[in-house]
Amino acid sequence: MKKVLGLVLTLALSLTFTGCASKTNNNGDSAEAGSNEKQIVMKIGHTQIEQSPRHAVSLKIKEYVEKESNGRIAVQIYPNSQLGNSKEQVEGLQTGSIEMVVFPTTSVTDFQPIFTLPDIPYLFPTDQEKLLKLYKSDAFKTFMAAGDDKGFKALATLFEGYATISSKIPVTEASQLKDMKLRIIGSNIAKTYYTNLGVPPNVIAFSEVYTSLQTGRINSLDIPISQMYENKFYEVCENMTETKHFALTSLVMVNKSWYDALPEDLQKIIADAAEMAAPEAANVVNATTEKARKDMPGVQFNQPTDDLVNQLKEQTGKMEEEYVKVNGEKGKQILDGIKQAVQVLN
């Protein structure tokens, strides 16, 4: 009888401990033992420093995804071109070696020419509030979807500031354009309209800009005020003309095959994270721009002459024609939709 009671007690204790057994995930939350679900790693790559809008957005995405997925997804962020230059990272996004990147549309145009649209000068509103509304429009979502058939899915759009013509010597008049040795990111639209204006552009990796300004390889660049400040380019480039001829527009993009293979609840978490985090870019840009105006010693802020603005605006229609020529009927539909959305906002 004692042996029987002993066996019963041992079995009861065993069942009790088995029922209470658990394991802890990365967030310290309990998950039932025996679960075979493997933690998913999502790498986020970008080329900017830790103080940049892209990094701020990446941090918010990481926080939201890891919390809402209850540790099922671990997010790793790689700033400062740690995963390669922009082209290498977009290639990694296409092949699936990188799950998510945060890049300007201009950096993706070699893979999807439809994304050259934001580079058309003065196509987008120069009022930030209207621009952010444009990003939320159905027309802009149609534009974002153009990445789907190239292997990457755009989930959200960031505002990274309006362009200035930043230069070693002041460039405020159209006649001064001929003296520019300009760096651009690489869009064919930008190459074309600057060439039309007599400014042969240079395509230089972002990591090489500071040295190139120092050595005289370039003497000017298209860049928002906030990026001039964050990257200390003002140390070697002292003039900024606030043309606002295009808005630096970036996308949070994921590898489409990887994303589509995820459970629906995780897809929603990642998409929600991108949408939730995107406004942080404008917050960082605005705060940094305000600080930059006070803290960039020796920098001269200039306004463009009407002649310079008109010269740039004359390129708008020409670049719209170029855009349609390259992208066909699909490009025309997207461009027309954006123009109609802008007209409504105005």
Side-chain angles (χ1 to χ4, degrees), residues 22-48 50 52-79 82-83 89-90 92-105 108 112 115 132-133 135-138 140-160 249-284:
S22 65
K23 61 181 180 180
T24 303
N25 63 23
N26 286 356
N27 288 328
D29 300 313
S30 286
E32 288 186 6
S35 171
N36 292 320
E37 185 174 16
K38 184 178 179 181
Q39 188 179 52
I40 296 165
V41 174
M42 184 175 82
K43 296 184 292 296
I44 304 177
H46 66 82
T47 57
Q48 298 290 298
E50 285 87 344
S52 67
R54 293 174 212 176
H55 198 68
V57 168
S58 299
L59 288 171
K60 279 193 166 288
I61 290 173
K62 173 181 172 68
E63 180 183 15
Y64 186 94
V65 167
E66 290 186 340
K67 179 181 178 183
E68 296 300 319
S69 72
N70 200 26
R72 292 160 67 195
I73 301 176
V75 180
Q76 301 171 353
I77 305 173
Y78 296 88
Q82 291 178 30
L83 298 179
Q89 290 197 45
V90 177
L93 182 70
Q94 277 193 311
T95 62
S97 62
I98 305 173
E99 289 76 25
M100 177 181 284
V101 300
V102 186
F103 273 110
T105 52
V108 197
Q112 175 50 282
F115 284 157
L132 295 178
K133 288 180 179 177
Y135 288 163
K136 296 289 186 183
S137 69
D138 289 341
F140 202 85
K141 289 175 183 175
T142 300
F143 163 76
M144 290 168 63
D148 286 7
D149 59 359
K150 301 296 181 180
F152 42 83
K153 184 176 185 66
L155 299 178
T157 307
L158 318 183
F159 170 68
E160 289 209 62
T249 300
S250 292
L251 300 173
V252 178
M253 296 175 285
V254 290
N255 174 274
K256 190 173 186 302
S257 296
W258 172 82
Y259 180 81
D260 289 346
L262 292 173
E264 286 187 13
D265 63 325
L266 294 184
Q267 288 183 22
K268 185 176 188 308
I269 287 169
I270 292 170
D272 288 349
E275 278 293 326
M276 177 277 304
E280 184 65 12
N283 295 337
V284 173

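Any value given below was found using the heavy atoms of this structure, including those in side chains, with hydrogens, waters and symmetry copies removed.
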Straight-line distance of Leu262 CG to Ile269 CD1, nearest 0.5 Å |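 Reported to 0.5 Å precision, the distance equals 10.0 Å.
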
What distance do Ser69 atom OG and Tyr64 atom OH have between them, rounded to the nearest 0.5 Å?
->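 It is 10.5 Å, given to the nearest 0.5 Å.
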
[X] versus [Y], closest heavy-atom pair with distance:
{"X": "Val284", "Y": "Ala56", "value": "CG2-CB, 3.7 Å"}
{"X": "Ser97", "Y": "Lys43", "value": "O-CE, 2.9 Å"}
{"X": "Thr157", "Y": "Leu251", "value": "OG1-CD2, 3.6 Å"}
{"X": "Ile98", "Y": "Gln89", "value": "CD1-O, 3.7 Å"}
{"X": "Ile61", "Y": "Ala277", "value": "CG1-CB, 3.7 Å"}
{"X": "Phe115", "Y": "Met144", "value": "CZ-O, 3.7 Å"}

Residues Glu66, Lys62: salt bridge by 4.0 Å N-O rule | yes

Lys/Arg-Asp/Glu bridge criterion (N-O < 4.0 Å) met for Glu275, Lys136 | yes

By salt bridge (charged side-chain N to carboxylate O under 4.0 Å, His left out), which residues pair with Asp265, not counting sequence neighbours?
-> Arg72

Qualifying residues under salt bridge (charged side-chain N to carboxylate O under 4.0 Å, His left out), relative to Lys60, sequence neighbours excluded = none

Heavy-atom check, side chain of [X] versus side chain of [Y], under 4.5 Å:
{"X": "Ile270", "Y": "Ile73", "answer": "yes"}
{"X": "Ser52", "Y": "His46", "answer": "yes"}
{"X": "Met253", "Y": "Leu93", "answer": "yes"}
{"X": "Phe152", "Y": "Val101", "answer": "no"}
{"X": "Met100", "Y": "Tyr259", "answer": "no"}
{"X": "Phe159", "Y": "Thr249", "answer": "no"}
{"X": "Ile44", "Y": "Glu99", "answer": "no"}
{"X": "Thr47", "Y": "Phe103", "answer": "yes"}

Determine yes or no for a side-chain-to-main-chain donor-acceptor pair under 3.5 angstrom, with [X] supplying the side chain and [Y] the backbone.
{"X": "Gln267", "Y": "Asp260", "value": "yes"}
{"X": "Gln112", "Y": "Ala146", "value": "yes"}
{"X": "Ser58", "Y": "Arg54", "value": "yes"}
{"X": "Asp148", "Y": "Lys153", "value": "no"}

Starting from the C-alpha separation in whole Å, work towards a yes-or-no answer on side chain to side chain contact (heavy atoms under 4.5 Å, CB included) for Trp258 and Met42.
-> CA-CA 10 Å; Trp258 172 82; Met42 184 175 82; 3.6 Å; yes

More than 12 heavy atoms from other groups under 6.0 Å of CD on Glu63 |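 No, not enclosed.
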
Tyr135: partners by ring-ring contact (aromatic ring centres under 6.0 Å, His included), with sequence neighbours left out |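 Partners of Tyr135 under the ring-ring contact (aromatic ring centres under 6.0 Å, His included) test: Phe140.
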
